[in-house]
Amino acid sequence: MRQTIFALVSAAALGVAIVGGQQATPAPVPAFTAAQAAAGRTAYAASCAACHLADMSGSNEAPQLAGANFVNAWGKRPVRELVAYIQSGMPPSGAKLPEETYLQIVAFILQANGAVPGAQPLQASNATPLGLLAARAAPGAGSQFAVQPGQPMPAITKEPPGRGLIASGEVPNFTPVTDAMLRNPPPGDWLMIRRNYQAWSYSPLADITAANVGRLRLQWVWAMTEGGRSEPAPLVHNGVIYLVHTNNIVQALDGRTGDLIWDNHVGPEVATTVRNIALYDDKVFIATSDARLVALSARTGEKVWDVRIADRAKGFSNSSGSIVVKGKVIQGLTGCDRFGPDRCYISAYDARTGTQLWKFNTVPYRGERGGDTWGDVPDMFRKGGETWITGSYDPDLDLTYWGVAQAKPWVPASRNMKTTDRVLFTGTTVALRPDTGALEWFFQHAPGEALDLDEVYERVLVDVGPRKFVFTIGKPGILWRLDRQSGEYAGHRETVFQNVFERIDPESGVPRYRADVANARVADWVSSCPSTEGGHNWHATSYHPGTQLLLIPLAQSCMEIAGRLVEMKEGSGGTQGDRKFFEMPGTNGNVGKLAAYDVASMKEVWSVEQRAPFLTSVITTAGGVAFAGDLDRYFRAYDVRTGKVLWQSRLGTSVQGFPVTFTAGGKQYVAVTTGLGGGSPREVPRTITPDIRHPQTGNALYVFALE
């Protein structure tokens with residue numbers, strides 16, 4: 001029998017009297033003032049809403065802060081623990097707020113859960129169980145966000161719209177981006193995330209070499225919007241940089257000088273992640289954080305069309321952008337963790353008009369292919385399956401490859417399931433026909449995924465002799481090799497220490513969890529190496545064809561995780577896991593690892609380990625140089641063949657995003673962004689490497705060239 005919140009926070013535990021078989025409503029016990037809660041509302045909007053959302057419903061790693069699931073997790077714990085917890089790790093950027101501000105935010109959270117204000121201000125030492133305050137609230141008490149235990153979360157409140165084109169200009173001598181150019185990009189351009197359809201993150205430019213890279217010097221810097229999770233992937237066409245910011249802002253800059261050409265604040269202007277945009281024909285496409293797809297003129301920045309991918313009011317969003325194939329803008333979807341009738345999908349749109357052409361549901365319902373892998377769970381509660389990293393494409397096989405994230409909530413027991421329930425198509429590589437969205441094949445890397453170790457990341461397409469392979473690596477740190485024509489398993493390599501899977505079948509590639517992971521119940525703590533920081537996360541791999549090496553940014557940390565009791569009711573859901581992080585054994589405190597693997601043998605050729613985690617993708621060039629940046633503000637050039645550091649520059653804050661290299665005016669440049677914010681790749685190092693410090697502002701684009 002499914003339990004509600006009060007099965008965990010019982011009346012007796014809360015000291016609530018039972019009279020005549022009914023619960024008596026005790027007098028309210030105020031724990032904060034109305035002024036504190038009002039100030040907390042303002043502070044929450046400024047420092048918390050970007051992750052936990054305006055309606056406090058949470059998003060991915062940021063849990064719900066109002067409603068039954070929140071009270072379920074915190075009901076028996078004293079308010080002082082919530083104050084200490086928020087004060088120790090929030091906001092994720094690491095920028096500390098005044099102590100009084102933390103108390104105000106907690107007061108607002110209490111009010112949002114139905115607690116009533118009084119004459120005495122909230123104190124950090126308050127030992128009252130949070131559930132007692134929430135349980136004592138009268139219906140309708142509290143703020144406009146008040147959610148009584150047992151009620152679903154409200155719809156997301158309206159987010160501030162964009163201001164549109166705020167700086168006008170025109171790209172000189174603009175030439176449209178054609179299908180032929182996307183198939184075979186001009187050497188000096190970087191037309192899509194990871195540069196080519198095959199997701200190589202490789203440039204054929206060779207002016208900058210291992211011999212002369214030491215002469216790189218900073219040419220110019222462009223300050224970017226502060227706030228949110230800044231993880232941008234600039235694009236470059238004919239020397240013009242197209243740059244996306246948090247707050248759903250797109251700009252065009254002169255690659256030689258850094259001069260602004262045009263600036264469009266597409267909106268909504270909320271500080272959330274937008275990793276990449278796409279270029280095709282005469283348009284720039286941005287998938288906004290409120291789940292819209294918007295086309296702008298690449299010449300002028302003016303809006304061409306604006307369509308809705310999914311309903312933001314139901315929690316849907318986007319953090320990564322599109323890939324364009326034969327005039328179709330193919331886009332993923334995130335925010336698919338709320339219980340309800342809607343589900344996650346990959347969809348395609350006509351580049352000229354924005355008309356939706358097809359969609360592929362990543363979570364099947366009963367009676368559909370793969371629907372039986374969710375056991376007897378009703379369709380409404382089959383959640384997850386986000387596609388929050390842009391896919392790749394093989395023009396010869398005419399297949400597009402996407403990684404699908406894990407099921408939600410994270411832990412099977414929280415979703416009333418077992419690890420033997422495979423929950424397709426989560427934890428899976430799917431190969432789709434770009435014309436129709438038809439599923440050609442799939443391979444599941446993590447059946448019944450149980451630890452928030454998703455496999456959603458880049459799919460790198462490499463030919464090894466006559467074989468056509470797709471390589472991918474996810475949070476477990478396992479490098480997978482699949483036949484990209486059939487999906488057949490063709491090998492794997494463990495790149496960091498992992499103890500999640502006790503065995504991976506050498507013939508089929510099917511992994512088997514440790515027994516304690518497979519048998520974990522709600523509130524059971526289990527250990528996991530790697531942690532949700534991931535052995536590998538969104539920081540993309542690079543393939544260097546000259547050496548046939550994959551260069552992969554990796555991370556080394558571990559955790560304990562426990563699933564929460566989740567109310568199985570429409571509007572509920574979420575990720576619902578508690579975690580504790582610690583150093584990975586045998587690493588001597590080195591969280592960061594950059595390693596090279598031979599695509600034929602899958603053996604490690606070299607590796608570099610360091611205290612600071614890598615926070616950028618890796619790019620490689622025909623000049624034999626690889627570039628990557630880290631938390632400790634270093635942007636470095638490495639020898640592709642050996643991993644030797646050839647050059648470095650220390651930037652304004654942590655180096656984060658997707659570096660690019662391009663030509664403008666016949667000269668080769670290298671560009672990289674500094675950035676703040678993020679999920680586990682930032683939260684885990686803040687916990688286990690507090691000695692690495694960096695400024696809490698400084699989102700910017702840095703551009704280098706030889707001197």
Side-chain angles (χ1 to χ4, degrees), residues 160-178 181 186 188-193 219-228 230-290 292-307 318 321-322 324 329 351-354 657-658 660 662-665 669 671-673 675 699-703:
R163 290 176 285 161
L165 196 64
I166 67 166
S168 300
E170 185 168 348
V171 173
N173 305 313
F174 179 84
T175 58
V177 175
T178 65
M181 292 165 68
D189 280 3
W190 199 283
L191 296 179
M192 66 185 78
I193 187 171
Q219 304 298 297
W220 54 266
V221 181
W222 179 259
M224 297 179 66
T225 307
E226 297 291 353
S230 189
E231 304 165 359
L235 302 184
V236 188
H237 179 43
N238 287 343
V240 174
I241 298 174
Y242 294 90
L243 182 64
V244 65
H245 298 235
T246 62
N247 288 55
N248 302 285
I249 295 170
V250 183
Q251 298 172 332
L253 305 169
D254 186 309
R256 294 170 299 174
T257 64
D259 292 336
L260 179 69
I261 300 172
W262 56 255
D263 183 358
N264 195 316
H265 290 220
V266 178
E269 294 201 28
V270 291
T272 52
T273 310
V274 182
R275 289 186 186 84
N276 66 289
I277 49 183
L279 279 170
Y280 179 70
D281 193 21
D282 59 351
K283 299 178 184 67
V284 178
F285 305 94
I286 175 174
T288 62
S289 62
D290 63 343
R292 292 151 48 230
L293 185 63
V294 180
L296 307 177
S297 166
R299 287 187 178 91
T300 66
E302 296 173 341
K303 185 187 292 186
V304 179
W305 51 255
D306 184 335
V307 299
N318 271 109
S322 312
V324 183
V329 186
R352 296 170 300 166
T353 65
F658 294 77
V660 299
F662 62 94
T663 57
Y669 295 83
V672 69
T673 53
N699 292 351
L701 175 69
Y702 292 74
V703 178

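Residues A664 and G239 come closest through the heavy atom pair CB-CA, 3.9 Å. In plain terms, the two heavy atoms of K303 and L296 that are nearest each other are CA-CD2, 3.8 Å. Taking every heavy atom of both residues into account, P234 and L243 meet most closely at CG-CD1, 4.0 Å. The two residues V221 and A700 have their closest heavy-atom pair at CG1-CB, 4.0 Å. The shortest non-hydrogen separation linking F662 to V660 is CD2-CG2, 4.2 Å. Taking all atoms of both residues into account, the shortest heavy-atom contact from F658 to I193 is CE2-CD1, 3.9 Å.
The side chain to side chain contact (heavy atoms under 4.5 Å, CB included) test with I241 singles out one residue from L701, L235, I261, and that residue is L701.
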*Determine, stepwise, if the pair H237 / F174 fulfils side chain to side chain contact (heavy atoms under 4.5 Å, CB included).*
CA-CA 9 Å; H237 179 43; F174 179 84; 3.9 Å; yes
*asked:* Using side chain to side chain contact (heavy atoms under 4.5 Å, CB included), reason through V266 and R292 one step at a time and then give a plain yes or no.
replied: CA-CA 10 Å; V266 178; R292 292 151 48 230; 3.9 Å; yes
*Hey, mind stepping through V284 and V250 against side chain to side chain contact (heavy atoms under 4.5 Å, CB included) and telling me if it holds?*
CA-CA 9 Å; V284 178; V250 183; 4.3 Å; yes
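Between F285 and W305, the ring-plane angle classifies as tilted under the 30° and 60° cut-offs.
Note that OG of S322 and CG of L279 are 11.0 Å apart. Values are rounded to the nearest 0.5 Å. The OG1 atom of T257 sits 11.5 Å away from atom CD of Q219, with the distance rounded to the nearest 0.5 Å. Note: T663 OG1 to D189 CG = 6.5 Å, rounded to the nearest 0.5 Å.
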Do any side-chain atoms of residues 160-170 form donor-acceptor pairs under 3.5 angstrom with protein atoms, and if so which ones, sequence neighbours left out?
unit_1	atom_1	unit_2	atom_2	d
R163	NE	E269	OE2	3.1
R163	NH2	H265	ND1	3.1

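Judged by distance alone, with hydrogens and angles left aside, the side-chain atoms of T673 form no donor-acceptor pair with the main-chain N or O of G675 at under 3.5 Å. The main-chain N or O of A298 is found under 3.5 Å from a side-chain atom of Y242 such that the two form a donor-acceptor pair.
Side-chain atoms of T246 and N699 form no donor-acceptor pair, as typed in the model, at a separation below 3.5 Å. Checking N248 against T288 by side-chain atom types alone, no donor-acceptor pair falls below 3.5 Å.
Not counting sequence neighbours, the partners of R256 by the salt bridge (Lys or Arg N to Asp or Glu O under 4.0 Å) test are D254.
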